[in-house]
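First comes the structure, then the notes that go with it.
Values below: all heavy atoms of this structure, side chains included; hydrogens, waters and symmetry mates excluded. Numbering starts at 1 and runs along the sequence shown. Keep in mind that what you see is a predicted model, and the values were worked out from it rather than measured.
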Amino acid sequence: MRKSLFALAIFASTLFACAEPGVSSRPEISSSHAPFVYAELKDGEAKIALHEGEAILWWEAPEYDGYRIYSSESKYGTYSLVSGSTPLQVENYSTRTNRYGYFKVMGVKDNKETQIGGTLCLFGDSTLIVGEHDNMSLVQDEIDQTHARLESGNDGQFSSERYGVMLLKGNYPDISMRLGYYTSAYGLGETPDDTKLGEIYVSTNVLGNNNSTCTFWRNIENVSTSSDTQFAVSQATSIRRCHFEGNLALSHPSGWSSGGFLADSKVDKTVYPRTQQQWLSRNDDMGVWSGSGHNYAFIGCEGTLPLSSWSEETSRTTIVEKTPVIAEMPFLYKERDDFYVFLPDVKKNTSGLSWDSDEIGDGRSISLDRYYLAREGIDDDKTLNAVLDKGQGIIFTPGIYHLDKPLHVKNENTLLLGLGYATLEVSNSNTEGAILIDDVGGVRVGSLLLDAGKKSDYLLKVGNSKTNVSHKDNPCIFSDIFGRLGGKEDAHTEVETMVIINQNDVIGDNFWLWRADHSRGIAWNDYGEGEDITYGNPGDTGLLVNGDNVTCYALMVEHFEKYQTLWKGENGATYMYQSETPYNVPNQEAWKSHNNTLDGYASYKVEDNVKSHKAYALGVYWVHWSPDSLERAIEVPENDGISLTHLVTTTFSGYDSGGIRHVVNDYGEAVGSGGSFRALVENYPLKGESA
C-alpha cells in the first residue's frame, strides 16, 4: 500500500469541500499555513486531528471496499455507527459530534469489518476518558496496569510516561483511582459531587517501609468519594476541588512524608496529617484537623482547625483567616456534547470553598474549541509558538514536549494548562528556557512540569525586566508549577535561576522548584573524565522575585547552590515555605555568601533594600551530611516593614553533621551540630525586644 505524508493545518483557512455529509475530500495545504500536524500514514494506521471545530479522521487502506466510523464518548463505552450504514468510499471523515470522544475506523470487505489502526481520541493515547456505563473491569484493568508501571520509586519516578484519567459525570462505586507517578485524575462535572469515586489510592510503598518522602507528581481534582482516603504524598502533588465524605489521611501512620497541598476542598470528617513534615491547606472546609508536624498552615480555611500556636509544648500551626488574593486553577468539564474550560474569578479576602454541591462557582466558561489541544510527538516549540502568536491558549495533553526555544506568551489572558503532568522539556540546544511571558496581564499557567536541559538561563520567566506596570486588576496566576533540575538521566543539566518573576502582582499557588538530590546527574558539578565522568546539575537559585506585590502560597524550593529564594521586590508575601539545604556541597569554602565572609547561603533571602515584606510559616531543614554549616536559614532587612510569623528550622542529618546556627539573621537557636533538633521563632523582628 502506498505511504504518504499528510500535512493537516489546524488553523488553515482552506475549507474542506464536502463530498457528502460528514465526509471531506483532502484539503490542499500550503506551507503558508501553520501550525501543522505531520503524520506519516503506514499500513493499517489511522490519524485524528482537530480542524475548525471538527474532528478529522484520515487513513489509507485501499484493499477494503469501504469504511465505517464508530464513536463513543468514553474509551470502554458502547460504540455507535456515526458514518451511516452505507460504507464510505473516501479515506477521511469529519464530524463535530462527539469530537473529543473516541473513534474507530473499520474497513469493510465482503460485509466483514476490520479495525484500521488503534482507537482514536483528540486527547491522545495517554488519556483515559471514563463513562458511567463503561465496562468497568476494562477501565480498572487499564488503571491498574498503568499504576503498576508508574508506582515504583525506581522506574516510575523518572519515567517518560504521562497519564491522565478523565471521568464523566456519574457514580463509580467500583473504581479504585490509583495514582502513580505522573498521574492525574479529573472529574468532568461542574462540581465535585457530580463525579463520585469508590476509592482514591496512593501507594505508601514507593520506597518501602511506608516512606512517602519521594511520592511526587500526582494529583486529583473535582471528584468526590464516600470512602476513607489515604493520600500519602510529598512535594509536587495537589488535591484541588474535591469532596471527601469520609476521613482523609495524608500519610501512613508510620514512615515519613513531606507534603503538600490541599485547596478548595471539603472533608466531612477528620483530616489526619500523621507524619507530614509540613502542609498548606487553602480555602478548605474541614470537619476536624487532628495532628501537628513541623509546620502546618491554614489560609482562608473553615471548620474545626487547631489553634494558631508556635511552641514545642503545643503545636507548630499557623492560621490566617482570609486568603488575601487568589483564583483557583482552571479546569475542564463536559456539558452535554461539549467540553468547556472554566476560568475561576480572581477574588480577594476569601475563606472557604469556591463551589457548593450544585454551583460551579464564580467564573467564565469557554468552549474547549477556542483552545489548542497539544499532543506529544506532534507539537514542539514551533507549532506551539505559532498558536501563541495567534493569541490562542493551549491545553497540553499528557506527554513530554521538547522545546528548542521557550514558549513565548505575548498576549494577555493566555492560558497554558497541562493534563497528566504534561512536561515542557528544555532541549540541550535551548539556552533560554521553557516559558517566557511578556509583561501582560491575566496569563494563567497551571499543572506543568518544567524540565531543565544542558544549560539554560531559566525555566520560567515572567516579564522580561522589572517595570512599574500594575496588574493588580488582572494578575498573572501560576498554579501547580513544578521545576526539575537533574535526576532523570546520567547527563549534565544546568539552570542559572529556575523561576524569575519580574512582573508585578503575580500570584503563585503551589510551587516545587527542585534541584534533584537523588538518582542520576546530581553532583555539585561535573568531575572526572571519559568513562569515569560524574555529571552534575549546578543551579544557583530556585526563585528570584524582582516584581512588586508578588504573593506565593505553598512555596517549596530545594537544594540550589546559592539562595533557594531571593526576593528583591516590594510588598511580597509568602504563605508556607518549605526548603531543604543542598546535600552535596564539596566543602565550606565552596559555600560562602556575603563575599565569602558568611558560611552558606540563606534559604529565604529578602534583599537588604526591601522596605516591606511579610511571610508566614517558613520552614528550612538541614540535610547536609557533612561538617559544614549554614549561618542563617533566613535573612531579612531590619526595619518596621518586615513581618515574619512562625519560623522553624530542624535537622535531618543528626548532630554530628553540621547544622544551622541561626533561624533568622543572628537570632534563633542552632540546630544540628552544637544545637538541638528543632528551633522555633514565633515572630520577627521581635516586638519590644532587641534582636
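- With salt bridges taken as basic N to acidic carboxylate O contacts below 4.0 Å, one links Arg484 and Asp451.
- No more than 12 heavy-atom neighbours from other residues, nucleotides or ligands sit within 6.0 angstrom of NZ on Lys405.
- The line from CD of Glu199 to OG of Ser176 is 3.5 Å long, rounded to the nearest 0.5 Å.
- Between Asp389 and Lys410 there is a salt bridge, since a side-chain N of the basic residue sits under 4.0 Å from a carboxylate O of the acidic one.
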> When you look at Asp480 and Asn510, which way does the side-chain hydrogen bond (donor to acceptor under 3.5 Å, both in side chains) test go after all the steps?
Replying inline: CA-CA 5 Å; Asp480 291 1; Asn510 193 24; 2.9 Å; yes
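- Nearest heavy-atom pair, Leu388 versus Asn411, reported as atom, atom and distance to 0.1 Å: O-ND2, 3.1 Å.
- Centroid-to-centroid, the aromatic rings of Phe216 and Trp514 come within less than 6.0 Å.
- Taking the six-membered ring where the residue is Trp, the centroids of Phe123 and Tyr102 are separated by 6.0 Å or more.
- Side chains of Tyr575 and Thr551: no donor on one and acceptor on the other come within 3.5 Å.
- Judged by the 6.0 Å distance and 45° axis criteria, Arg162 is not positioned over the aromatic ring of Tyr421.
- Using modelled atom types, one finds a donor on one side chain and an acceptor on the other under 3.5 Å when comparing Tyr100 with Asp369.
- The structure places CZ of Arg370 at 9.0 Å from CD of Gln392, a figure rounded to the nearest 0.5 Å.
- Ion pairing of Arg375 with Asp125 is absent here, as no side-chain N (NZ or NE/NH1/NH2) approaches a carboxylate O to less than 4.0 Å.
- For the residue pair Asp439/His471, the side-chain donor-acceptor check at 3.5 Å is satisfied.
- Side-chain atoms of Asn549 and Asn571 include a donor-acceptor pair closer than 3.5 Å.
- Taking the centre of each ring, Phe396 and Tyr401 come in below the 6.0 Å mark.
- Listed here is the closest heavy atom pair of Thr127 and Met166: CG2-CE, 3.9 Å.
- Using modelled atom types, one finds a donor on one side chain and an acceptor on the other under 3.5 Å when comparing Ser71 with Asn98.
- The closest side-chain donor-acceptor pair between Asp193 and Ser357, if any, does not fall under 3.5 angstrom.
- Atom-to-atom distance recorded for Met136:CE and Tyr76:OH is 12.0 Å, nearest 0.5 angstrom.
- The minimum heavy-atom distance linking Gly198 with Thr225 is given by the pair O-OG1, 3.5 Å.
- For Tyr163 and His147, the ring centers sit 6.0 Å or farther from each other.
- A salt bridge links Glu328 and Arg282; the closest N-O separation between the charged side-chain nitrogens and carboxylate oxygens is under 4.0 Å.
- In this structure, Phe482 has its ring center at least 6.0 angstrom away from the ring center of Trp512.
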